[in-house]
Structure formats: C-alpha cells, structure tokens
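Since the model is a prediction, treat every value here as computed from it, not as a measurement.
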Protein chains: 4
Amino acid sequence: MISKEHNILFAAEKLFSEKGFEKTSTREISREANVNISMISYYFGSKENLLVSLFDMRMAESQSFLDEILIRQDINEWQKISLIIDRYTSRVRELKVFYNILQTEQLTNKNEQIIKYLKNSKLGYLKVYEDLAKQGFENKIFKLRPNIALLHATLIGTMFYAMNGLPMYKEYYKKTASDTTFDDNYYAELNIHIKQVLKNLLGYEEN
Amino acid sequence: MISKEHNILFAAEKLFSEKGFEKTSTREISREANVNISMISYYFGSKENLLVSLFDMRMAESQSFLDEILIRQDINEWQKISLIIDRYTSRVRELKVFYNILQTEQLTNKNEQIIKYLKNSKLGYLKVYEDLAKQGFENKIFKLRPNIALLHATLIGTMFYAMNGLPMYKEYYKKTASDTTFDDNYYAELNIHIKQVLKNLLGYEEN
Amino acid sequence: MISKEHNILFAAEKLFSEKGFEKTSTREISREANVNISMISYYFGSKENLLVSLFDMRMAESQSFLDEILIRQDINEWQKISLIIDRYTSRVRELKVFYNILQTEQLTNKNEQIIKYLKNSKLGYLKVYEDLAKQGFENKIFKLRPNIALLHATLIGTMFYAMNGLPMYKEYYKKTASDTTFDDNYYAELNIHIKQVLKNLLGYEEN
Amino acid sequence: MISKEHNILFAAEKLFSEKGFEKTSTREISREANVNISMISYYFGSKENLLVSLFDMRMAESQSFLDEILIRQDINEWQKISLIIDRYTSRVRELKVFYNILQTEQLTNKNEQIIKYLKNSKLGYLKVYEDLAKQGFENKIFKLRPNIALLHATLIGTMFYAMNGLPMYKEYYKKTASDTTFDDNYYAELNIHIKQVLKNLLGYEEN
DNA sequence: CATGAATGAGGGTTCATTCAT
DNA sequence: GATGAATGAACCCTCATTCAT
C-alpha cells in the first residue's frame, strides 16, 4: 500500500500540472489523494512546502544521471551529449506532468528553495556542456565552439516548447489523446531534430 | 490623460507578469491603477475577461507585421525569415512583461479565447515558415526541407528560454539589473544564434 | 440607524467580555452584530485590530475627564480625589463589560497598542495622584505622604476586585442578577470604602 | 525522574501564564513538556481538565495554611491577620505564574470546577476575616468593624494589582527583570502597605 | 456613468482529540 | 500502558463580484 504522504505528493503533482499551483486548492488535493485535508499540513507543513517537497523528490531522482554518463570512458563526447539528450527527452516525456509545473514555476515562482533547484540544475548542465564542448573541440571531434548558454537554451527551449505543443499538434492532425504511436514518432523526430541542431552548432560530422 | 480602462490594463499586465494571474488580486490591480476596485468588473466584466482584453490588445498589435514582410518583393526568403526573427526578438524583448504572461497561460490556462489566440498565432507562423521554406527550396536558396513544427519549436523555444534565463545569467556574471548594454549584447548574440540555427536547418548558405 | 461598524464594535465588546477574546470567534461577532462575517475584516482589518479599535474608542472617551477635574479652582485636593473616585467608579460600573476586557488584556495580552494604552493610562493616574498628594500635603490638608504606586494599586485593585466579586456576592445573598437596588447599595458602599481607605493613607481628616 | 504527568502540569502552568489558556495549544504544551501530544488527553482527558488538574494541585497546597494559623493560641487576632498577609504575599509571589492564571480564569472562565475552587477559597477567607474581626473587636484589639467583603477586596485587589504592575514599574525605573533586590524591596513595601491599610480599616493601634 | 459598501463562497491552516497499534 | 498517525471541525481572512445610490 502506497503511503498517504506519497498519495498527496502524486495528487498534488497531477493537479498542479493541470490547473497550476494557485488554482489548485488543498481541498482538491486531499480529495484526489483520498486523505483528510489536514494531512497536507500534517505531512508537509503548508501547501507551499508541498510544492517544494515535490521538487525535492523529482530533482533528487535526476541528480545522478549526468555523472553516470560523464565518467564513461567507452564513448566519445558526441556520444555523451547524444546520450544526455536521449535520457533527458525520455525523462521529460515520462514526467511531463512535473516538467509542466517546473516550467510554470520558472516563470512565476518566488520560492527560494525552488529557485535554488532550478539554478543548480541549469548550472550543472552548463558545466557539463562546457566541458564536453571543450574536450570534443580539443579532440577534434567538434569543429566549432558555440555559446554554451545559447546552445542550452536551444536544447531545453526546443524540448519544452515541442512538448507543450504536442496536444495542439495532435488535435490539429485529429489524433486522439491516447494515440501513443503518434507520440512515439513525435518524440523520435524531436530527438533527431535536437541532435541535428546540436551537431550543427558544435560542428560535428558523422563519419 | 490616459483612460482608467488603459490604466487598469497596464497595471494588470505588470502585476500578472510579476506575480502570476492567480496570485494577483483585483484589489492590487485597482491600487496599482489608482482606480476603485469595482471598476475592473465595470469595464471588463471579470478578472478573467481582463486577461482576455489584455490579449486582445497585444495580439492585435502583432497581427499585421507578418503580412507586411511577406508581401515584400525586394527581399528573398531568407531575408524575410531574418526580418521576422529581428522583429519578433525586439517585440518579445520590448513586451517581455506580456510574453511572460503568455508563456504562463500557455502552460496552465484553460481560457478558450486565449487558447484560440495562441493557436491562431502559432498556426499563422507555421503557415508562413512553411511557405517560405517551400519557396526558398524551390528557388534553390535553401537546400533542406526541415520539419516546420520543430523548426518553430526551436525558434520560439530558444527565444523564450534565453529571455527567461537572462536575469539569472546577469546575476551569474554579477551585472546589475539595469545594465542595458549587457542586455543589448545578449539579445544581439541571441539573434545571431537563432539565425545560425535556422540557416543550418534550412541549408542556407550565405554567398 | 446605528452603523454596521458600531454594531460590530459593541457586539465584540459584549462577547469579548463574556467569553474572552480568544474564545470569541469572528463568526459569533458577525452573528451578534447582524452583519456578514467579512465585514469585520472589511472595517477593522483583523480580529486583533477590532480589539484595538475597541480600546481606541473607550480610551478616547476617558481621556479628558481627569483634566476637567484638575483645573478646577473651587475645590481642594481631597475633593478632587473624591471626585475622581466618583467618576471612575461610575464609569467602571457603566462600562463593566469593557473593563472586564481591559483587566484580561492587562493579564495576558501582548498587543503593543493595548499595552501602550494601559501604560499611558496608569502613568496618567499616578502623575495626578502624585501632584494632588504633594499639593494637599503642602496645603496641610493631608498629613501623610504615602507611596503613590501602592495607593493606586489599592484604589484600582479594590474597585476591580469588588466589581468582579459582585455576581458571586449577589448569588451568595440570593439576589437576582437584575436587582439594581442591591447593586446601587453595593457600589455606594464600595465608594465610601475606597474613600475611607484613601483618607487613611493620605492622613486626611474631615473637619 | 519527574513523571510525565508532572512535566505536563508544569509546562501548562508556565504557558497558560505566559499566553493565556486559549492561546496555548496542546502541541506547545507537549513540546515544552517533552512528551507526545496525545499524552495530554491520555493523562488528563482534555485540555480543559488539565487546567482543572492544575487548580487541584495548587489549591490543595494552600488548603491548610489558614487553619494552622487560626488554631494558634500564642498570638492575638492582629498577629494572625498579619501572619496571613505574610504567608499569602510570599505564596502569591512564589506562585506568580499560577496566580496569573487564576486571575484570568476569575475574569473569563466558565468552568464549574474552577468557579467552585475560587468561591470556596474566597468564602474561606471571608469566614476567617469575619471571625478574627469579631473576636478582635470583642477583645478590644480592634476599634472598628469594617465591611469584610470590601476589606478582602482591598487586600486581594491591592496584592494582585501591585503584583501585575511590578514589571511595568521596574521598566519605568529602568531595572532589569532579574533584579531580585528591587523585587524584595517592592514586596516588602507592599506587605507593609497592606498591613497599614488593614490596621486603619480595623482600627488597630500598635501599642 | 461611476462608486464603494457589502456580500457569500472559499482559501490555507490549526485545533483538540481519537484510535489502531 | 503508551504512542503517533490521522481526523473533522473550526479558525481567521481574502477573494471576485454585486448593487443600491
């Protein structure tokens, strides 16, 4: 049996994503999670802190996967970048709901803890790209040395914007929301697209 | 003297951008706009409709500029795309406050009217890119025929993500918030970056 | 027609006296005052501030009466003290409900504004007694120079304790709560008693 | 090791005195007493009953001391009254915290048990004073037969009002809260003052 | 046409207490 | 006997909106 604490967390994630943090009431969360309303304060202290706890959980999950890739000796810099994109794409797709919240918070939230998470996450990625781009350039794999901040903006921006646009896209092509084959193709194309853009920016040419 | 109606509209735009739609109360708007609180319902019917009115105003402003560019006969397809990017970049920078709201609404809002605006806007751009890409390809200016939806995602996604990231970026480089020279350079670099990415995607080569 | 603002104030005074500030809910006040619950925040900002507003009103009322007595030239120091006791006794009896709140707040409240009121009120009385005692002594009306703080403690303490004890006293003598003749006698005796105690302390002898 | 039951009782006494009964939550009490929150209901049944238990303890302590004085044959009526004042003053000072609660409850509480305690206590004192005043008058020690209820009001009222006023008094004279020498003098003066007032009321003259 | 007093619903949170373990 | 997770009621307050003037 899943604990009440987790029920609340998942119910909140769902509702925050659907309606936004402010529009979601603690009463709705408690209803969705099938717990008494006062359990939210009991476990998390406040609605605000429930959001932070959600970030705690999700950000902790994604903590390690960068390092795992970086330490590998069996693949070159481009393969590492390629792997990061693969992992990030699938993670974003899998946790669409959470990343929707993350984007909203990035735009409006003033919560210190969350800002810290977002900042650390971003700086972590920038550092990784910086190192890989530099090494790849030194190893003659990459011919160009692009602005890393803008490269990152393009990578993340494309992914998020494409993800957000999918429902409208499906509606436009009259696909049902549950058509996962369409989604599979869409994300596959997106993945290839992003890699192509990055290849161009880094001056990487497949042999 | 600017009308009370406009005062409310501009006050709302500012506050919605700073705090989000939900967190902004009609009381605050009325205070910021120096009008009585009931004026909001009086002029706009509801807080919800005030947001729609804001979109009415801003979207109407940006309606025409695409057409102006498209009908020009003196420039080629790349130059047209280049011009669109220039205009859009400067508009987004100028109306940062509004586009912050737009992004948030894109993520959470269920307001039909606003969804319609966003959809129309997006489809309009897609149509334009589609036509320009096709013509450019036929005219041998572009060598490639990329997925337009993803090209647009990259264009808009990069621009928004880069725009949102600017404050953090400035903080990182210990620049003051009012340092507009830094901003000028940043947006200039962004502009070049986006154009480079599009050149690559379209297979455009400067002679 | 009495204003809603005043209705709330009087309802609050009654309930705070009967049940204490904490035990009185804003719902009860609104019910007693026949106004919507949100009017309390509307007019007074908060429940806390409603209490302060009550003190504002009552303390403002009692501001002046000391001065009126002091400036009189037609009566001597003892007569002035005697008059102060008369006025204060009748005021405390009349505003029994408010002075009940005042005593409670004196014991527990941490509200700055109220503490300030109580302090100022007390210091005002001490100053008056000090001056009258000194002048009366110089004018050979009083033979003794007692500790003024303790004299005040006896005066106020006796009055409040006697006032608080009246219901139990009446119950003990099997009087109905509405028997005002009993009250009249009680307060008359109390008045004489207090004056006698003060005469003794000041060394005043009626000729 | 002191029992958890006592820990709760003492923690409650402290907090009730500082913040009032209503403003003190069971959570705070449990935290202060270092016990689980449910222990309060477990041991005392309810928060209300915890207060009653506190009165049980403190009132039981003060039960006997009156009798001890009364049965003494070696001292006269005035000396007995004098002794009662001494004992009561030192007890009130020692249990300042409890007597603060007692005063507050006297003003607001509707708890039957507590009302009974207060009534019994008061009637006990009145009976004692009545007897001593009568005997002393018959024995020609006292020349006057004052209203005993008002005499008691003056005695208790002065003591409580003076006690409550001490912190403000010290602040006024810029003494630190921990200056016990000041307190010693203050209570000594208070003791003498009360005795003087009673001497006057009873018509007692030291030989 | 414009106002501001007034509304009722709902917000997040805290409360004393209970009950399965 | 002792625990702490869990409860539901009630708390004060703010909200967007209305309506008599």
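- One atom, CD of B:Glu48, and another, P of F:dA16, lie 12 Å apart when rounded to the nearest Å.
- Closest to the D:Thr26 side chain, of the nucleotides E:dA16, E:dA2, F:dA2, is E:dA16.
- The CE atom of A:Met39 sits 16 Å away from the P atom of E:dC15 (whole-angstrom rounding).
- When heavy atoms are screened at a 4.0 angstrom cut-off, D:Ser38 is found touching base atoms of the nucleic acid.
- One finds no salt bridge joining C:Arg31 and C:Glu28 here, because no Lys/Arg side-chain nitrogen approaches an Asp/Glu carboxylate oxygen to under 4.0 Å.
- Taking the side chain of C:Ser41 as heavy atoms from C-beta on, and the options E:dG12, F:dT3, F:dT14, the nearest nucleotide is F:dT14.
- Of all non-hydrogen atoms in D:Gly20 and C:Thr108, the two that sit nearest each other are CA-CG2, 4.2 Å.
- Side chain of A:Tyr42, nearest nucleotide from E:dG12, F:dT7, F:dA5: F:dA5.
- Contacts of A:Thr24 with the nucleic acid, taken as non-hydrogen atoms under 4.0 Å apart, involve only primed sugar atoms and P, OP1 or OP2.
- Nearest-nucleotide assignment on DNA chain F puts the 5′-proximal partner with A:Val35, out of A:Val35 and B:Gly45.
- The phosphate of F:dG4 (OP1 or OP2) has no side-chain N or O of A:Lys4 nearer than 4.0 angstrom.
- No donor-acceptor pair under 3.5 Å is formed between the side chain of D:Ser121 and the backbone N or O of D:Tyr117.
- The distance from atom NZ of C:Lys19 to atom P of F:dA10 is 12 Å, rounded to the nearest whole Å.
- Nucleic acid contact class of C:Ile37 (heavy atoms, under 4.0 Å, all strands): base.
- With no hydrogens or angles considered, a side-chain donor-acceptor pair links A:Glu48 and A:Asn111 at under 3.5 Å.
- Closest to the side chain of A:Arg27, out of F:dA16, E:dT13, F:dT18, is E:dT13.
- Nucleotide F:dC11 has E:dG12 as its partner under the Watson-Crick or G-U criteria, with both atom distances under 3.5 Å.
- Looking at B:Lys47, its side chain does come within 3.5 Å of a backbone N or O of B:Phe21 through a donor-acceptor pair.
- Taking the side chain of D:Tyr43 as heavy atoms from C-beta on, and the options E:dT17, E:dT13, F:dA2, the nearest nucleotide is F:dA2.
- Here the P atom of nucleotide F:dC11 and the NZ atom of D:Lys23 are 16 Å apart, to the nearest Å.
- Residue B:Phe44 is out of contact with every strand shown, counting any heavy-atom pair closer than 4.0 Å.
- The CZ atom of D:Arg31 sits 15 Å away from the P atom of F:dG4 (whole-angstrom rounding).
- Listed nucleotides F:dC12, E:dT7, E:dC1 differ in distance to C:Asn36; the shortest reach to its side chain belongs to E:dT7.
- Rounded to an integer number of Å, the gap from CD of A:Glu22 to P of F:dA16 is 12 Å.
- Across all strands shown, E:dA20 forms a Watson-Crick or G-U wobble pair with F:dT3, both key distances being under 3.5 Å.
- Between the CD atom of B:Glu28 and the C1' atom of F:dC15 there is a distance of 11 Å, given to the nearest Å.
- Nearest heavy-atom pair across D:Glu13 and D:Ile101 is O-CD1, 3.3 Å.
- Whole-Å rounding puts the D:Ile40 CD1 to E:dC19 P distance at 18 Å.
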